[in-house]
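Along the sequence shown, residues are numbered consecutively beginning with 1.
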Amino acid sequence: MRKRFVAALAVVTLAAAACSPASEPSSGEQVLRYAPAMFPVSLDTHKYAGEEAVQTAIQQIMEPLVRVDGGKIVPVLATAWENPDPTTWVFKLRTGVKFSDGTPFTAKDVVASYERHKKLDGPLVPLYSTVTSFVATDDQTVTVKTSKPLGTLLSSLTLLFIGPADKINTDGFFNKPIGTGPFTVESFKPDEKLELAANPTYWDGAPKLTKLEFVNIPEVAGRITGLENGEVDVLTQIPPDQVGSVKGSDAITYSTTPSWTYYFDWFNSNRKPFNDKRVRQAMWHALNLEGTVKDLFGELASVAQAPLAQGVIGAPKLSPYAYDPAKAKQLLTEAGYPNGFTTSMQWPLEGGPNIRALAQAMISDWAKIGVTVKPLEKERAQWLEDFGKLNWDMNLQTNVTGTGDADYTLARLYVCTAKRNGYCNPALDKLLLDARSSVDQAARPKLYQQAGQTIWDDAVGIFPADLASNAAVRSRVKDFVMPPSGRPLFAKVTVSGS
């Protein structure tokens with residue numbers, strides 16, 4: 001039985017220093033403190049559009065045209081939309097909405113936000129690859145034209161956050177961004193704290209929370225200590241080996257929910273030996289994932305059956321690779337590596353539940369087939385920079401299908417033009433782009449089944465586990481909901497007492 005990894009506990013003094021109590025709120029104030037597992041490196045949602053921590057923070061401040069709620073697309077800044085023809089979308093915008101600085105919200109703000117996002121060429125830009133024009137028809141209408149039908153436009157727009165057109169491109173805007181959302185930014189200190197205040201003129205009604213604080217406590221033990229002491233109100237992504245610390249207390253409510261989050265370990269197919277799929281397949285067959293996932297995650301994970309989580313619309317269901325070290329060695333020999341090789345694997349510090357333990361377990365299994373893997377745990381900012389530059393051999397991380405649609409993960413990350421991991425397969429491109437353009441919701445899952453099987457067979461990466469979401473909140477917190485995206489919205493949350 002593989003030993004469960006237990007993170008070293010930080011001393012209480014460290015935890016106290018990391019989340020020192022803020023001044024007590026005045027009478028009538030409602031202050032909530034949230035300690036996320038990953039703290040935003042920036043608030044620039046267009047530059048870091050795929051970052052879960054950035055999206056969680058920015059959605060409190062800025063808003064998209066539409067949002068996913070209960071598995072359906074619902075209105076936010078757009079109230080209605082239609083397809084007058086297969087390659088045209090027309091959005092009618094909500095009237096009377098103002099940015100928190102009093103500037104009226106209009107269609108030009110939507111267009112400017114889209115254009116900035118596109119210009120920065122961030123990780124979500126491929127979702128709009130067939131968009132040929134994105135224009136303000138009038139102050140309350142946005143018209144989008146595409147070169148072919150785009151059945152995923154609505155789900156993609158759930159992650160396009162809107163800022164004021166005349167300010168969004170100014171230097172320093174995202175140090176203290178302005179939006180139409182329920183909260184405004186009082187201050188943001190990267191790697192330390194984000195302080196938000198209620199937007200009293202919010203179009204959907206001012207939040208009950210007076211202040212919302214995101215606090216950065218890097219160590220799990222420090223976050224849990226803060227929750228127990230009442231210095232933190234909400235924790236999410238609690239590692240499985242720490243769940244016992246937050247359960248069973250009258251002052252804390254613990255819950256789990258399905259999620260769109262999963263682990264993957266990509267190979268850099270630009271580098272030897274990972275340009276040979278036999279090596280990639282060998283690395284997968286060498287892993288005892290069933291034992292590792294059970295030992296490290298218990299009921300909070302299951303061995304993955306696709307290159308994205310099973311709860312996502314269009315996710316295929318595939319057979320996990322068999323644990324077969326003998327076959328792994330055979331494949332390595334066929335590829336010209338009978339004695340194995342030396343490589344490395346990077347992952348971000350605190351980049352997912354038990355990520356270090358998962359990495360160590362995988363490295364241990366690979367050693368048994370003669371592959372030596374150097375562990376490279378990096379601070380998140382450095383990891384992001386190296387990840388984007390393909391400065392790695394293997395990359396382990398969690399990912400979440402932010403829109404809840406398979407296109408967000410598969411056609412964003414695995415088409416040749418994405419250039420995310422050195423893998424390129426024109427046949428896969430066709431499957432994914434056909435699925436993206438199809439408006440036949442029955443046809444799309446069949447295409448994703450074929451695409452998923454291709455990614456699986458070519459071992460573009462290893463997909464160890466699908467994860468459940470969990471959260472622990474103090475009893476004074478009411479109406480907190482953890483969505484499958486893993487990005488809680490605090491607009492309707494309330495707190496009472498101490």
Check your understanding: For Ile61 and Pro177, which heavy atoms make the closest approach, and how far apart are they?
Key -> CG2-O, 3.7 Å
Check your understanding: So do the side chains of Ser302 and Phe297 get within less than 4.5 Å of each other, counting heavy atoms only?
Key -> no
Practice item. Assess whether side chain to side chain donor-acceptor pair (under 3.5 Å) is satisfied between Asn395 and Gln346, documenting all intermediate values. Key: CA-CA 5 Å; Asn395 179 79; Gln346 72 164 22; 2.8 Å; yes
Study note, to complete from the structure: The reported gap from NZ in Lys47 to NZ in Lys119 (rounded to nearest 0.5 angstrom) is 13.5 Å
Review point. Taking all atoms of both residues into account, what is the closest heavy-atom pair of Ser113 and Ile168, and its distance?
Key: OG-CD1, 3.5 Å
**Study point:** Any side-chain heavy-atom pair of Leu159 and Gln55 under 4.5 Å
**Key:** yes
Check your understanding: Just how far is it from atom CG of Leu308 to atom CD1 of Ile313, taken to the nearest 0.5 Å?
Key -> 11.0 Å
Check your understanding: Should Leu43 and Leu194 be marked as a side chain to side chain contact (heavy atoms under 4.5 Å, CB included) after you check the CA-CA gap, both sets of side-chain angles, and the distance that decides it?
Key -> CA-CA 10 Å; Leu43 296 180; Leu194 169 64; 4.0 Å; yes
Check your understanding: Is any side-chain heavy atom of Ser469 closer than 4.5 Å to a side-chain heavy atom of Thr236?
Key -> no
Check residues 205-212 and write down every donor-acceptor pair under 3.5 Å in which the side-chain atom is one partner and the other belongs to a residue at least two apart or another chain.
| unit_1 | atom_1 | unit_2 | atom_2 | d |
| --- | --- | --- | --- | --- |
| Thr210 | OG1 | Gln30 | N | 2.9 |

Practice item. Please say whether the positively charged group of Arg356, taken as NZ for Lys or CZ for Arg, lies over the ring of Trp347, i.e. under 6.0 angstrom from the six-membered ring centre and within 45 degrees of the axis. Key: no
Exercise for review: Flag the pair Glu115 / Lys118 as yes when at least one side-chain heavy-atom distance between them is below 4.5 Å, and no otherwise.
Suggested key: no
**Study point:** Criterion side chain to side chain contact (heavy atoms under 4.5 Å, CB included) on Glu82 and Lys92, from CA distance to verdict
**Key:** CA-CA 9 Å; Glu82 61 178 351; Lys92 292 296 182 181; 5.9 Å; no
Practice item. Can you sort out the partners of Trp383 under ring pair (Phe, Tyr, Trp, His ring centres under 6.0 Å), two or more places apart, ordered by chain and number? Key: Phe387
Point to revise | Check: Thr132 main-chain N/O paired with Ser147 side-chain donor or acceptor under 3.5 Å | key: no
Point to revise | Rounded distance [0.5 Å steps], OG1 in Thr88 versus CG in Asp85 | key: 3.0 Å
Practice item. Assess whether side chain to side chain contact (heavy atoms under 4.5 Å, CB included) is satisfied between Val232 and Ile217, documenting all intermediate values. Key: CA-CA 10 Å; Val232 170; Ile217 307 175; 3.9 Å; yes
**Study point:** Basic-acidic side-chain contact under 4.0 Å: Lys389, Glu385
**Key:** yes
Revision key, fill the gap. Shortest non-hydrogen pair, Gly402 vs Arg487, comes out as CA-NH1, 3.3 Å
Exercise for review: With sequence neighbours excluded, tell me which residues meet salt bridge (Lys or Arg N to Asp or Glu O under 4.0 Å) with Arg67.
Suggested key: none
Review point. If only atom types and distance count, is the side chain of Asp44 paired as donor or acceptor with the main-chain N or O of Phe174 below 3.5 Å?
Key: no
Exercise for review: Answer yes or no: is there a donor N or O on one side and an acceptor on the other, between the side chain of Tyr263 and the main chain of Pro353, under 3.5 Å?
Suggested key: yes
Review point. Less than 4.0 Å between a side-chain N and a carboxylate O, is that true for Arg436 and Asp407?
Key: yes
Exercise for review: Work out which heavy atom in Ala107 is nearest to a heavy atom in Asp138; give both atom names and the distance.
Suggested key: CB-O, 3.2 Å
Revision key, fill the gap. Separation between CG (Leu349) and CD (Glu377), nearest 0.5 Å, reads 4.5 Å
**Study point:** Any side-chain heavy-atom pair of Phe480 and Val495 under 4.5 Å
**Key:** no
**Study point:** Any donor-acceptor pair under 3.5 Å from Asn83 side chain to Pro86 backbone
**Key:** no
Check your understanding: Would you say the side-chain atoms of His46 pair up with the backbone N or O of Phe161, donor to acceptor, closer than 3.5 Å?
Key -> yes
Review point. Backbone N or O of Asp434 within a donor-acceptor pair of the Ser438 side chain at under 3.5 Å?
Key: no
**Study point:** CA sep, side-chain torsions, deciding dist, call: Val477, Leu32, side chain to side chain contact (heavy atoms under 4.5 Å, CB included)
**Key:** CA-CA 8 Å; Val477 178; Leu32 184 142; 4.0 Å; yes
Check your understanding: Side chains of Thr409 and Val312: closer than 4.5 Å at any heavy-atom pair?
Key -> no
Review point. Taking the side chain from Thr141 and the backbone from Thr137, do they hold a donor-acceptor pair closer than 3.5 Å?
Key: no
Point to revise | Closest non-hydrogen atom pair between Ser100 and Asn199, with its separation | key: CB-ND2, 3.9 Å
Study note, to complete from the structure: Ser155 and Asp405 have their tightest heavy-atom pair at OG-CB, 4.0 Å
Practice item. Might you confirm whether atom CD of Glu186 has over 12 heavy atoms from other residues, nucleotides or ligands at distances under 6.0 Å? Key: yes
Point to revise | ring pair (Phe, Tyr, Trp, His ring centres under 6.0 Å) contacts in which one or both residues fall within residues 97-155, not counting sequence neighbours | key: Tyr114-Tyr128, Tyr114-Phe134, His117-Tyr128
I'd like a table of donor-acceptor pairs (distance under 3.5 Å, sequence neighbours excluded) in which one partner is a side-chain atom from residues 255-262, with atom names and distances.
| unit_1 | atom_1 | unit_2 | atom_2 | d |
| --- | --- | --- | --- | --- |
| Ser259 | OG | Thr261 | N | 3.1 |
| Ser259 | OG | Leu467 | O | 2.4 |
| Tyr262 | OH | Asn399 | ND2 | 2.9 |

Exercise for review: Let me see the working for Lys167 and Asp101 under salt bridge (Lys or Arg N to Asp or Glu O under 4.0 Å), right down to the final yes or no.
Suggested key: CA-CA 11 Å; Lys167 296 179 181 178; Asp101 67 348; 2.4 Å; yes
Check your understanding: Between Thr130 and Lys148, is a side chain to side chain donor-acceptor pair (under 3.5 Å) present by the stated rule, with each step listed?
Key -> CA-CA 7 Å; Thr130 60; Lys148 60 178 66 176; over 6 Å; no
Check your understanding: Which one of Leu77, Thr106, Val76 satisfies the side chain to side chain contact (heavy atoms under 4.5 Å, CB included) criterion with Val97?
Key -> Leu77
Check your understanding: How long is the span from the CD atom in Glu228 to the CZ atom in Arg223, to the nearest 0.5 Å?
Key -> 13.0 Å
Check your understanding: Partners of Tyr34 by ring pair (Phe, Tyr, Trp, His ring centres under 6.0 Å), sequence neighbours excluded?
Key -> Phe214, Phe490
Point to revise | Beyond-backbone contact of Val54 with Glu52, side-chain heavy atoms, under 4.5 angstrom | key: no
Revision key, fill the gap. Rounding to 0.5 Å, atoms OG1 (Thr103) and CG (Asp166) come to a distance of 6.0 Å
Check your understanding: Are side-chain heavy atoms of Pro488 and Thr56 found at a separation under 4.5 Å?
Key -> yes
Check your understanding: Are the charged groups of Arg474 and Glu231 less than 4.0 angstrom apart, N to O?
Key -> no
Review point. Is Arg116 reaching over with its side chain to a backbone N or O of Ala112, donor-acceptor style, under 3.5 angstrom?
Key: no
**Study point:** Whether Asp466 side chain and Gln310 backbone form a donor-acceptor pair below 3.5 Å
**Key:** yes
Review point. Taking Thr158 for the side chain and Thr403 for the main chain, is one N or O donor matched with an acceptor at less than 3.5 Å?
Key: no
